[in-house]
Amino acid sequence: MSEPTRYAARTLIALAIAAAFPLHGAIAQETQQPAAGSDTASDVVVEKRQPGQLEQVIVTAQRRAENIKDVPMSIATVKGEKLDVLTSGGQDIRFLSGRSPSVAIESDYGRTFPRFYIRGLGNTDFDLNASQPVGLVMDDIVQENPMLKGFPVFDVDQVEVLRGPQGTLFGRNSPAGVIKFDSAKPVFKTEGYLSAGFGKDRVRNIDGAYNIPVSDTVAIRFSGQSQHRGDRVHNDRPTGTRDFEGYKDNAARLQVLVKPTANFSALFNVHGRDMDGTATLFRANILKKGTNDLVDNFDYGSYPTDGINEQHLKNKGASLRMRWDLPGITLHSITGYEKLDFFSRADVDGGYGASYAPPMGPGFIPFLVETADLIPNHKQISQELRAESSTKGPLQWIAGVFYFKEDIQIDSISFNSLAPGNPQNPNYATQEQNAKSWAAFGSLNYAINDRLKVRGGVRYTSDKKDFVAQRIETTGRSYHELSDDSTNVSWDASGTYVLTKDTNLFARIATGYRAPSMQGRLNDLSSRPSMAGAEKVLSYEAGIKQDLFDRRARLSATAFHYRVKDKQLTAGSGSINMNQLLNADKATGQGVELDIQANLSDSLSATFGSSYNDTEIKDASLFVLPCGGGCTVTNPVSFVGGSRVALINGNPLPRAPKWQHNFTLKYSTPVANGEFYAFTDWSYRSSYNFFLYEAVEYKAKDLLEGGLRLGYKWGDGKYDLALYGRNITDEVQSVGAIDFNNMTGILNEPRTYGVQFKMNF
């Protein structure tokens, strides 16, 4: 047995022993009817909370409203005050990174194109049709394209993180897990909030919601967010873009709930986003050779460049969720539509100067790479029809069908700001991808007795993808077609055992599937597109969920192991801005996850999360091109076809830290006619490789970041005025890189601070 497995086993055994001697407290229960427009298929049993007890957490991870303790999988939530704190500085969706065990989020595009990782499984592909093994579901609609996944988080009831394969009920490319966002829904009363924040770098953040009951059968909820930041990085050269890292990011959502009878509801949702800003800054020669340290006298606010940097994203969508409650059965129809328009241009070489010019700027830059990637055409439609039981018997079931269609065009254009005529010549590459998928799924839940409940699910999926890649140059044109049809059967089996009134044990085995991927960012007329075949995951996990100290504390612990067959990976070119898709024979992962919440006293509460993920690529013949030169490769090196390559067998998956911890502590006390509070939050992650190969310079350092919020609430919590700080220790390091040969790094966000006022009504 490996050391991580022994560690996981010891952890769960210790927790199980502790669970056998729980502290019992009388907890009354009451029955609550499902909220209008919710996914609740039957009445929800809600426990009455006594003073000092933790709030019960209700999730819809299995498409039914359930107590999180009864769900047989590793799952975590983020909601309420913690969401307010983490987004107080205007952070985009990456604020969730490290705030839940085994979850990481990063981007090479700034506020757009977030890349998600759960238990080390993710995808470093930077092409605009990249698929990800982490599914993102927003208001029951799968968000497939990476640009859709970055929609701002505002007026959200709850974020659910479902770890492990979700191949049956959320089967659209989710072998690593699902992150699920549920917006606050319209209710039949007048309510709302308004929040305004101002901070460093001319930050201005405003968001709010207004809920109106139009009649006894119609309610409307409008919510919106506007985020602005001034430029904080300057180019002293006379060429190229002069100022960077400012943005204007506006988004809104309108929901209309129509409930003409007690048994039928229809929820309309229209939403959109309009973002203007700058792309990620690729900073040349900022890493010391032979280390992962930033160069001496590094200046975050300076970026000499000869290129243009700009980014624009517009997306809009709509959905209709209908629900019929019939005797013994509930029917659902979920229709979704999404469309986006994207443009991003950046100086990818990270500065200025070229091999044919004197070495200038931030060190020698041996080539010019300035590109723009854009999505001029995109459309996604999805439809789900689902039926589920709503009886009180021991057997419950869900069955449904799902249809998905996406059409996307991607253009990649080359620029040269030192030569006349842009775009150049013109030389460009274009990709067109048409994807269709349909699935049939079902699950059964059966209560064998009062203590033991078992669940099994299955999903059949059929995927078809047609792909065309072209390279257009003044000297000619290349044209390539790829096509693939694939099918898969995913399944899972799980069980929950009630050890005591306060303690549940669970176990789960599940499979997951990701459809084949295709890429065609052609660099010249001789380039060819690449394709990676479908990957399949088999995962095992077991754990414990326990209420402690008369529900003043809650604990969840999980041990897991998975293996991925034909793992899809993305390799860089080593010298040019290209991707190459490939499959590894196998990848494995194992580890443990721990979530703890506690009310330590009437004035002090805390949370702690931790995860250990040990991942490994297993393919003795797999090699990739390392950086074109300059970096210190630590993997075995060989030569294939005259090219220097790195053998990556045994390497961990990229961007997969072994250790992650998060911690929050809140203190509050009555002052005058209100409440003073202090809230601090911290996240830690260990180092990870930027790429598939290992190099000293391309390995992230350990990172500890913290936040602080000091505030005062009054008017029975109606008003809240607070000072906030994010990354308060101002830790700045390289968290990503471009796989070239000029030590080009990508940095994390520096320290920010400000003031925020929120009013509820």
Side-chain angles (χ1 to χ4, degrees), residues 107-115 125-130 145-148 150 231 233 235 239-249 273-284 303 305-315 340-352 354 365 367-378 408-433 469-474 477-478 519-525 527 529 572-573 576-579 736 738-740 744 746:
S107 174
D108 285 353
Y109 281 80
R111 293 177 70 85
T112 58
F113 200 155
R115 298 187 294 212
D125 192 345
F126 56 79
D127 272 312
L128 302 186
N129 64 330
N145 187 268
M147 297 304 158
L148 298 175
D231 292 311
V233 178
N235 173 22
T239 59
T241 297
R242 305 302 303 279
D243 296 288
F244 309 90
E245 295 202 348
Y247 57 77
K248 298 183 295 182
D249 198 350
R273 180 188 188 189
D274 187 353
M275 196 284 292
D276 289 298
T278 55
T280 292
L281 297 186
F282 308 115
R283 298 171 183 258
Y303 182 67
T305 180
D306 51 39
I308 302 298
N309 187 301
E310 59 179 314
Q311 190 174 91
H312 314 283
L313 170 64
K314 291 184 178 180
N315 68 274
L340 69 90
D341 185 349
F342 178 72
F343 177 91
S344 183
R345 177 178 173 182
D347 194 12
V348 185
D349 60 52
Y352 65 96
I365 298 175
F367 45 74
L368 285 171
V369 181
E370 184 182 345
T371 61
D373 291 327
L374 58 153
I375 301 177
N377 295 306
H378 170 272
I408 182 172
Q409 177 185 333
I410 303 166
D411 295 341
S412 298
I413 306 172
S414 297
F415 294 86
N416 183 348
S417 295
L418 301 182
N422 266 322
Q424 293 296 300
N425 293 327
N427 296 331
Y428 67 95
T430 184
Q431 306 172 61
E432 294 183 13
Q433 179 175 288
Q470 299 183 74
R471 177 73 187 182
I472 294 92
E473 297 190 358
T474 54
R477 175 191 297 254
S478 64
Q519 294 293 4
R521 180 195 289 256
L522 305 180
N523 185 60
D524 52 38
L525 296 179
S527 300
S573 66
I576 57 176
N577 191 29
M578 293 284 289
N579 269 344
I738 297 295
D739 194 10
F740 286 167
T744 299
I746 300 170

Report task. Considering non-hydrogen atoms only, spot the tightest contact between Phe126 and Phe113 and give its length. Result -> O-CE1, 3.3 Å
Query raised in the report: Which atom names give the shortest non-hydrogen contact between Thr278 and Gln311, and what distance separates them?
Result: C-CB, 4.0 Å
Report summary line: Separation between CD (Gln433) and CD1 (Ile408), nearest 0.5 Å, reads 6.5 Å
Report task. Output the distance between atom CG (Leu374) and atom CZ (Phe342), rounded to the nearest 0.5 Å. Result -> 9.0 Å
**Report entry** side-chain hydrogen bond (donor to acceptor under 3.5 Å, both in side chains) involving Asp243 - partner list, sequence neighbours excluded
**Finding:** His234
Query raised in the report: If only atom types and distance count, is the side chain of Asn235 paired as donor or acceptor with the main-chain N or O of Thr241 below 3.5 Å?
Result: yes
Query - Listed partners of Asp341 passing side-chain hydrogen bond (donor to acceptor under 3.5 Å, both in side chains), at least two apart - result: none
Query raised in the report: Under 3.5 Å, is there a donor-acceptor pair between the side chain of Thr280 and the main chain of Gly110?
Result: yes
Query raised in the report: Is the shortest heavy-atom distance from the side chain of Tyr303 to the side chain of Asp347 under 4.5 Å?
Result: yes
Report summary line: The side-chain hydrogen bond (donor to acceptor under 3.5 Å, both in side chains) partners of Thr430 (sequence neighbours excluded) come to Asp411
Query raised in the report: Is there a donor-acceptor pair closer than 3.5 Å between any side-chain N or O of Asp524 and the backbone N or O of Ser527?
Result: yes
Report task. Measure the spacing between OG1 of Thr371 and CD1 of Ile413 and express it to the nearest 0.5 Å. Result -> 9.5 Å
**Report entry** Partner set under salt bridge (charged side-chain N to carboxylate O under 4.0 Å, His left out) for Glu473, not counting sequence neighbours
**Finding:** Arg471
**Report entry** Residue pair Arg521, Gln431: steps toward the side chain to side chain donor-acceptor pair (under 3.5 Å) verdict
**Finding:** CA-CA 7 Å; Arg521 180 195 289 256; Gln431 306 172 61; over 6 Å; no
Report summary line: Sorted by chain and residue number, the salt bridge (charged side-chain N to carboxylate O under 4.0 Å, His left out) partners of Asp231 (sequence neighbours excluded) come out as none
Query - Non-hydrogen atoms of Pro146 and Ala130 that approach each other most closely - result: CG-O, 3.4 Å
**Report entry** Heavy-atom pair with the smallest gap, counting every atom of Thr112 and Met275
**Finding:** CG2-CE, 3.6 Å
Query raised in the report: Can you tell if the side chain of Ile738 reaches within under 4.5 Å of the side chain of Val348, non-hydrogen atoms only?
Result: yes
Requested in this report: Just jot down the side-chain contact (heavy atoms from CB on, under 4.5 Å) partners of Ala469, sequence neighbours excluded, or say none.
Outcome: Phe467, Leu522, Pro529
Requested in this report: Can you sort out the partners of Asp274 under side-chain contact (heavy atoms from CB on, under 4.5 Å), two or more places apart, ordered by chain and number?
Outcome: Asp276, Lys314
Report task. Using side-chain hydrogen bond (donor to acceptor under 3.5 Å, both in side chains) as the criterion, list what pairs up with Asn315, not counting sequence neighbours. Result -> none
Query - Pairwise side-chain contact, Thr744 with Arg283, heavy-atom cut-off 4.5 Å (strictly under) - result: no
**Report entry** CA sep, side-chain torsions, deciding dist, call: Arg115, Asp108, salt bridge (charged side-chain N to carboxylate O under 4.0 Å, His left out)
**Finding:** CA-CA 9 Å; Arg115 298 187 294 212; Asp108 285 353; 3.0 Å; yes
Query raised in the report: Quick one: ring-ring contact (aromatic ring centres under 6.0 Å, His included) partners of Phe282, sequence neighbours excluded?
Result: none
Query raised in the report: Does the side chain of Tyr109 reach to within under 4.5 Å of the side chain of Ser344, using non-hydrogen atoms?
Result: yes
Query raised in the report: Given the rule in the side chain to side chain donor-acceptor pair (under 3.5 Å) test, do Ser414 and Asn427 qualify, once you have shown the distances and angles that lead to the verdict?
Result: CA-CA 7 Å; Ser414 297; Asn427 296 331; over 6 Å; no
Query raised in the report: If you measure from CG on Leu128 to CD on Gln409, what distance do you get to the nearest 0.5 Å?
Result: 11.5 Å
Report task. Verify side chain to side chain contact (heavy atoms under 4.5 Å, CB included) between Met147 and Ile375, making sure each step is shown before the conclusion. Result -> CA-CA 10 Å; Met147 297 304 158; Ile375 301 177; 4.2 Å; yes
Query raised in the report: Under 3.5 Å, side chain of Asp127 to main-chain N/O of Asn129, donor-acceptor pair present?
Result: no
Report summary line: Rounding to 0.5 Å, atoms CD (Gln470) and CZ (Arg477) come to a distance of 5.0 Å
Query raised in the report: Between CG of Asp249 and CG of Leu313, what distance do you get to the nearest 0.5 Å?
Result: 8.0 Å
